[in-house]
Every structure is written in structure tokens, then in C-alpha cells.
Amino acid sequence: MIKGLLIFFVGLLVSGYFFSFGFTFLPPSVNTKIILAGIGAPLLFVQLFRAQRVEISRPLFSATGLALVFSLVCYIATDVNRTDDFAYATYYLSFAIWLLAGYTVVMAIRQVHGYINFHILTYYLAAVCLAQCILALWIDSSPGVQSLVDRYIEQGQAFAQEVDRLYGIGASLDNAGVRFSIVLIMLSALFTRDLFQKKPLLLTALLLIVFFAIFILGNIMARTTSIGGVMGLLAMFFSTGLFHRIIRIEFVRFFTVLTILLLVAILISMYFYAHNELFRGYMRFAFEGFFNYYETGEFRTDSTDKLSMNMWVWPTDTRTWLIGTGLFDGWIFNTDIGYCRFILYCGLIGFSVFAGFFIFHGLSFLSRYRQYKLLFLSLFAFSFVIWFKVSTDIFLIYALFYCVEGVQGALFTSKSTVENENSLLHLGNI
């Protein structure tokens, strides 16, 4: 009972990190991410004091340097253009806050379970994403629940209500879709490596159900989810032996479970689509492109139409191409496309540093964990694909990876290995 309550509490911490939100009774600048970082700072100080040394790993040291350089270039952009828009000029602070908040989450998971690795982190993130999807449906269908959430939670839900979009607690619009996509890619990594070979069939089936639930329900909230879902499915199909000349028995078992679950999901969806008007509306929004293709022969959505018609806004002079305008906040250029907004803010100079920042993360983790190369290649690709849609980044997941390495010594560590080690912690590496 106590262990269950502790796991639930850790789940709340993970949700507060991954889907940060504010409170109506606190200042607007204070959100759950800031609170977790505020806990993480003294926690890290105490652990480093006990270790009696401060040692930063080379990858994290290099990443810190790139974050500082990007912030400096953005500051120069604001100074040259005489603006006070420091949206990314203070990126080094966001970088530090994500790390400190992530450290709190990682230490909480380790404290409850005795260890932490990629698998258990993925379980928590998947559970949180599924919970957010269910919460969003509950809030949308119950005015009383929506009123209660809006009374105490501040998450910019006014805009979501204005455009008639679902939201959970800290999860809405493209930010939710980006996070759902990250977790779908992480879940696919479990399937494409050793999980379905070594774990009970029931666990494999359960995680597949979670994968498709997040894929479908996440698309109802934000169709950006489909990017991660498609990438995850492609990873599963092309790396688990389906197209090999000789298919191993464990692959046959995995795809048998997958096929059965897909058929069941299709049948259930068809039933509710035919008999439930609300569900029909959800599905038509979530998979608008497919419905349009079936009905008109053209794969298109309102979002893609807007992106292609009037959101590609580029600089019109050489100076802006080089150093930008120093403007980012708001709807200043009437576009939300990441490539456009970053270049318009800090020019090609700043954007090149920012792109290099994420190239470094991908290559750094790939070089250390080559057996999980598909995971990091997928996250690497997603970092750049998402900028065709929205101006955000995925450092929040890399921050967790860095923290797991700092606390556990490696991102992919089995429980038995941890239990057999004389020294479980590598606190100096964070």
C-alpha cells in the first residue's frame, strides 16, 4: 500500500516535470518545473557535499558550453537590434532548470525503486502520458471537472478553449504532441531491443496497448503525436526482423500480439465511430488527413494548409539572415514554424548553434549506447522534424538522460547489475 502511494507520488512528480503547469494562486512565473528545480538544487548540493567532489561528465560539460554560446548569440541579437525580447537569450537558465528539475525526478524514482534506468523511466513517462490523455477526455466531457481544473491550474487553457482543443493538466496543443511523440519513440525502443524477448508476454501486450492508446488519444489532443507514432511504428517494423529472410520465433510472437491488438482496436474504433457521435468527432479530428483522403482523394488537414500557405516567413535582408531581429515572443511574425522563428530571432548564426546543440546530444548518446542507435537516431531526427511544425525543443528528455547517467552511472543498466555493484551512485558525474 505504502509502495503504491509512493509510486503514485513519483508519477505526479514526473507529470509535473514533463507537463509543467502553474497555479492560479501563485505568481505566473512559478510552475511545477521551477518548483522541482528548486528542490533539485539543494538536493544536488547535499549529494555533491557527501561525495566531496564536483565532477562534470564531458558530454554534459560540452552541452553546457553549447547552451551558453547559444544564449550569448541570442543576447547579441537582441543587443544589435535594440530589443528586450530575451526569450532565448536566457536559454542557459532553461537548460539549468531542466537539469535540476530532472535531477529531482530521477532521484525520487531511484529512492522508491532502488535503481533507475531507461526502462523504468519509460514506464513512468508512458503512464503519465496515458493519464494525461484520459484526463483530457474527462475534462472535455465534464463541465464540473473542467471548472475545477481551471480554478486552480494555470496552463494557458484559454487559448485551447478558444480553438476548441482538448487539454489535460499541463498537456495541450503541440507541446503535448511533442511529448507524446517522444514517449512513443521511447516505447518503440523497448520493443525493438530486448524487452519482448525477456519479459512476460502480458507485459509486452500491456505496453503495446499503452502505445496505441497514446497514439490514438494523443492525436485527439494534438495531431503532432502522429509524428512520433509513425516513427515508432516504422522502428518496430524495420528492426524486429519482419522483413528478414529468416524470422526468429520471438519476433513471430511479438507480431502476433501486435496484429491481434491492432484488429481489436480497429473493431472497437469502428463500433464507437458508428454509434457514438462524440467519439466520431474525436476520430475525424485526430485523423483528419486520412478521412479527407478517403472522402476527397487528397491527404490534407487544416493545419497543413495553414503551414503551407501563409506560415513560411523568412528574413528579407542580409542582416536579419545573419543575426535575426531579436524578436520571438508572441505572434510577432504570424508563424509558429520553428525554422522560421529561430532564424528570424537570432539568424543563421544562432540557429546553427542551436541545431548543433541537438546534433551533439544525438551523436553523444549514440556513440555511448550503440546498441540503442535506432532510439537516438529517431530522437535526433524528431528534433529537426518538429521544427517544421512548431518552435520548441526536446532537451527535457535529454536532461533526464543526463541525470540518470549522473545518478546511476549509465542510462541502460539492469536491476541485477545495480544490486550487485558495491557503489550504486556516481554522484560526481552530474
Side-chain angles (χ1 to χ4, degrees), residues 1-20 32-57 59-60 63 96-129 131 179 182-183 186-187 189-190 193-195 198-199 203 207 361 365 368-369 372 375 395-430:
M1 179 64 179
I2 295 177
K3 183 69 175 288
L5 291 174
L6 288 174
I7 292 174
F8 178 75
F9 176 72
V10 172
L12 293 179
L13 294 182
V14 174
S15 184
Y17 173 89
F18 212 55
F19 299 100
S20 59
T32 51
K33 178 179 66 175
I34 299 293
I35 294 171
L36 288 171
I39 298 172
L43 182 63
L44 178 61
F45 177 80
V46 170
Q47 298 297 340
L48 292 176
F49 180 78
R50 289 178 178 176
Q52 296 183 349
R53 64 174 181 170
V54 177
E55 180 182 342
I56 301 177
S57 64
L60 183 55
I97 288 170
W98 279 123
L99 283 172
L100 290 172
Y103 186 73
T104 301
V105 169
V106 166
M107 285 298 289
I109 295 175
R110 184 191 170 278
Q111 189 67 29
V112 171
H113 296 274
Y115 75 106
I116 181 170
N117 58 15
F118 175 79
H119 282 202
I120 195 168
L121 182 63
T122 303
Y123 296 158
Y124 268 105
L125 291 174
V128 163
C129 287
R179 285 152 175 76
I182 292 171
V183 172
M186 292 173 66
L187 280 171
L190 296 185
R193 284 299 305 165
D194 59 347
L195 180 65
K198 297 180 180 179
K199 298 297 182 182
L203 178 59
L207 289 175
H361 295 316
F365 281 100
R368 282 176 281 157
Y369 305 105
Y372 286 87
L375 166 66
F395 178 69
L396 78 166
I397 193 62
Y398 288 120
L400 286 174
F401 291 168
Y402 282 121
C403 290
V404 172
E405 284 189 326
V407 169
Q408 199 65 54
L411 181 59
F412 301 94
T413 306
S414 66
K415 181 179 180 181
S416 59
T417 300
V418 173
E419 289 174 341
N420 291 332
E421 288 180 346
N422 293 326
S423 176
L424 298 181
L425 299 180
H426 299 266
L427 296 168
N429 292 335
I430 188 71

(request) Let me see the working for L43 and Y103 under side chain to side chain contact (heavy atoms under 4.5 Å, CB included), right down to the final yes or no. (result) CA-CA 9 Å; L43 182 63; Y103 186 73; 4.0 Å; yes
(message) Let's go through V128 and V183 carefully: what are the C-alpha distance in whole Å and the side-chain angles of both, what is the deciding distance for side chain to side chain contact (heavy atoms under 4.5 Å, CB included) to 0.1 Å, and is it a yes or a no?
(response) CA-CA 10 Å; V128 163; V183 172; over 6 Å; no
(request) List the steps, then state whether side chain to side chain contact (heavy atoms under 4.5 Å, CB included) holds for I109 with L13. (result) CA-CA 9 Å; I109 295 175; L13 294 182; over 6 Å; no
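Shown here for F19 and C129, the closest heavy-atom pair between the two residues is CZ-SG, 3.8 Å. Contact detail for V106 and C403: the closest heavy-atom pair is CG2-CB, 3.7 Å. What you find for T32 and G16 is that their closest heavy atoms are OG1-O, 2.7 Å.
Rounded to the nearest 0.5 angstrom, I397 CD1 and M186 CE are separated by 4.0 Å. A distance of 8.5 Å separates CG in L125 from CG in L396, rounded to the nearest 0.5 Å. Taken to the nearest 0.5 Å, the CG atom of L203 stands 4.5 Å off from the CG atom of L207. Within the model, atoms CG of L60 and CG of L99 stand 6.0 Å from one another, a figure rounded to the nearest 0.5 Å. For the atom pair CG of L44 and OG1 of T104, the computed distance is 9.0 Å after rounding to the nearest 0.5 Å. Taken to the nearest 0.5 Å, the CG atom of L190 stands 5.0 Å off from the OG1 atom of T122.
Judged by distance alone, the side chain of Q408 and the main-chain N or O of N117 form no donor-acceptor pair under 3.5 Å. Side-chain atoms of Y369 come within 3.5 Å of backbone N or O of L411 as a donor-acceptor pair.
Within the 4.5 Å cutoff, side-chain heavy atoms of F412 are placed close to those of L375. Under the 4.5 Å side-chain criterion, counting only non-hydrogen atoms from C-beta, P59 is not in contact with E405.
Ring planes of Y402 and H361: perpendicular class, angle over 60° (limits at 30 and 60°). In this structure, Y17 and W98 have perpendicular ring planes: the angle between them is above 60°, well past the 30° mark. In this pair, F401 and F365 present their aromatic rings perpendicular. The plane angle is above 60°, beyond the 30 to 60° band.
Remark: of the listed residues V105, L121, I120, L121 is the sole one forming a side chain to side chain contact (heavy atoms under 4.5 Å, CB included) with V404.
Between H113 and Y123, the ring center distance fails the sub-6.0 Å criterion.
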